[in-house]
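Inspection log for the structure reproduced underneath, given as structure tokens.
Computed from a predicted structure; not experimentally measured. Counting from 1, the numbers follow the sequence of the chain as shown.
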Amino acid sequence: MKFFDLMSRACKDVGLELTEEKFNKFIMYKDLIQEWNKQINLTAIIEDEDIIKKHFIDCIKAFKLDEFKNAKSIIDVGTGAGFPGIPLAIMNEDVKITLLDSLNKRVNFLNIVVNKLNLNNVTTIHSRAEDGARNSELREKFDIATSRAVANMSVLSELCIPYVKNNGHFIALKGPSIEGELEGSRNALKILGARLIDVIEVEVEDTDLKHNLVLVKKIKSTPNTFPRKAGTINKKPIV
């Protein structure tokens with residue numbers, strides 16, 4: 001039961017309780033990741049303990065922010081194998097989570113996870129982030145847009161902030177070294193109608209990992225010119 005104890009400690013650290021039912025869903029999720037990873041590239045992290053620590057606990061630590069506990073609707077942009085969206089959905093059944101990804105194979109995998117785990121609070125969408133943000137049913141409709149993607153903050157902000165309601169939040173799960181990224185994204189945030197509120201450092205139990213939660217508040221509607229076309233955002237980030 002070492003994994004249960006480890007995850008339970010991590011949950012208590014953010015004010016949550018890990019029930020046996022929720023833990024079993026995480027284990028089913030882990031098994032599906034390992035099984036499907038043989039067919040499609042979901043993650044380079046494949047060992048049991050690494051998945052628990054570097055994926056599951058890392059995502060659970062998002063609940064350090066009360067915004068995640070209180071949100072009614074969250075979109076996970078570029079969710080990949082379901083991070084952080086599926087761990088968030090397992091731990092908080094009251095929030096509606098939308099998982100958006102551009103690769104249909106990954107969306108098919110996510111649909112299987114959602115069905116096997118009975119995650120009635122999760123919807124999946126196959127779309128590029130740039131295209132989804134121009135869909136009137138998605139644009140400025142969410143309390144939170146989140147992403148654990150590797151893009152820098154300027155790029156990630158342009159992809160995520162258009163989904164957020166006014167007074168809602170964009171929350172990025174980032175690695176340890178983000179000072180330069182944050183400085184480089186200040187103008188982008190202003191142009192997109194948002195501002196940086198806080199950066200919260202999180203630690204993962206029984207590791208040396210120190211990650212950051214970047215909390216951004218939407219203060220006015222994003223101009224209709226954003227997000228720009230696919231390709232342009234990465235090649236010419238807002239500076």
Side-chain angles (χ1 to χ4, degrees), residues 25-63 68 73-92 95-117 119 121-133 138 142 144-153 155-164 170-176 178 181 202 204 209 211-214 227 230-231 233-234:
K25 287 186 178 183
F26 276 110
I27 295 304
M28 287 170 63
Y29 182 24
K30 174 189 69 68
D31 292 344
L32 287 166
I33 290 169
Q34 290 167 326
E35 178 187 336
W36 275 71
N37 209 53
K38 296 169 186 172
Q39 304 168 47
I40 60 173
N41 183 23
L42 293 170
T43 175
I45 296 168
I46 55 171
E47 299 300 326
D48 290 355
E49 189 163 341
D50 288 339
I51 290 175
I52 298 288
K53 291 178 178 177
K54 296 179 181 178
H55 282 322
F56 296 169
I57 290 176
D58 189 48
C59 292
I60 287 169
K61 291 294 179 162
F63 286 106
F68 274 117
S73 59
I74 298 173
I75 185 165
D76 179 4
V77 179
T79 186
F83 304 120
I86 287 179
L88 296 178
I90 292 172
M91 292 307 302
N92 182 3
V95 65
K96 286 186 169 25
I97 303 241
T98 299
L99 306 176
L100 183 141
D101 199 84
S102 62
L103 190 65
N104 199 43
K105 286 180 181 179
R106 284 197 293 257
V107 174
N108 290 339
F109 163 75
L110 294 169
N111 286 333
I112 286 169
V113 172
V114 168
N115 289 330
K116 288 270 178 84
L117 273 56
L119 297 177
N121 56 335
V122 177
T123 302
T124 63
I125 296 177
H126 174 223
S127 173
R128 293 185 68 97
E130 303 91 330
D131 299 332
L138 300 175
F142 296 89
I144 292 175
T146 190
S147 185
R148 201 168 168 245
V150 294
N152 70 44
M153 273 298 293
V155 169
L156 213 50
S157 296
E158 186 171 350
L159 294 174
C160 293
I161 289 172
Y163 289 98
V164 182
F170 160 46
I171 303 174
L173 280 66
K174 301 292 290 181
I178 56 166
E181 274 192 51
V202 297
V204 176
L209 295 174
H211 288 171
N212 290 285
L213 302 171
V214 182
I233 300 174
N234 281 307

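Between the CZ atom of F26 and the CE atom of M91 there is a distance of 6.0 Å, given to the nearest 0.5 Å. In this structure, CG on N111 lies 3.5 Å from OG1 on T124, to the nearest 0.5 angstrom. Of the inter-residue distances, the one linking I144 atom CD1 with F170 atom CZ reads 11.5 Å to the nearest 0.5 angstrom. The distance from atom OG1 of T146 to atom CG of L213, rounded to the nearest 0.5 Å, is 8.5 Å. The CD1 atom of I233 lies 4.0 Å from the CD atom of E158; values are rounded to the nearest 0.5 Å. Here CE of M28 is found 5.0 Å from CG of L117. Values are rounded to the nearest 0.5 Å.
Between A133 and P162, the shortest heavy-atom distance links the atoms CB-CB, 3.9 Å. In terms of heavy atoms, A89 sits closest to N121 at O-ND2, 3.3 Å. The shortest heavy-atom contact between F68 and N92 is O-ND2, 3.7 Å. Closest approach of L173 to P84, counting heavy atoms only: CD2-CB, 3.9 Å. The shortest heavy-atom contact between K54 and D58 is O-CB, 3.4 Å. Residue I46 comes nearest to I51 through the heavy atom pair O-CD1, 3.6 Å, listed as atom of the first residue, atom of the second, then distance.
Side-chain contact check for F63 versus L88: some heavy-atom pair is nearer than 4.5 Å. Within the 4.5 Å cutoff, the side chain of L119 has no heavy atoms near those of the Y29 side chain. No side-chain heavy atom of I40 sits under 4.5 Å from any side-chain heavy atom of L103. Between T79 and L100 the shortest side-chain heavy-atom distance does not fall below 4.5 Å. Side-chain contact between E181 and K174 is present, with heavy atoms from C-beta onward closer than 4.5 Å. With a 4.5 Å cut-off on side-chain heavy atoms, L156 and V214 do not count as touching.
Remark: the backbone N or O of K96 is not paired with any side-chain donor or acceptor of S73 at under 3.5 angstrom. Using modelled atom types, one side-chain atom of S127 and one backbone atom of G132 make a donor-acceptor pair closer than 3.5 Å. Under a 3.5 Å cut-off, the side chain of N37 and the backbone N or O of I33 do not form any donor-acceptor pair.
Pairs engaging residues 73-92 under the salt bridge (Lys or Arg N to Asp or Glu O under 4.0 Å) rule: none recorded [sequence neighbours left out]. Among residue pairs with one or both ends in residues 104-116, those qualifying as salt bridge (Lys or Arg N to Asp or Glu O under 4.0 Å) are D101-R106; sequence neighbours excluded.
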Check the pair E49, E47 against side chain to side chain contact (heavy atoms under 4.5 Å, CB included), reporting the backbone distance first and the verdict last. CA-CA 6 Å; E49 189 163 341; E47 299 300 326; 5.7 Å; no
Full working for side chain to side chain contact (heavy atoms under 4.5 Å, CB included) between V77 and F142: CA-CA 12 Å; V77 179; F142 296 89; over 6 Å; no
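Checked against side chain to side chain donor-acceptor pair (under 3.5 Å), K30 has the following partners two or more places apart in sequence or in another chain: Q34, D48.
Taking the six-membered ring for Trp and thresholds of 30 and 60 degrees, H55 and F83 have nearly parallel ring planes, at less than 30 degrees apart.
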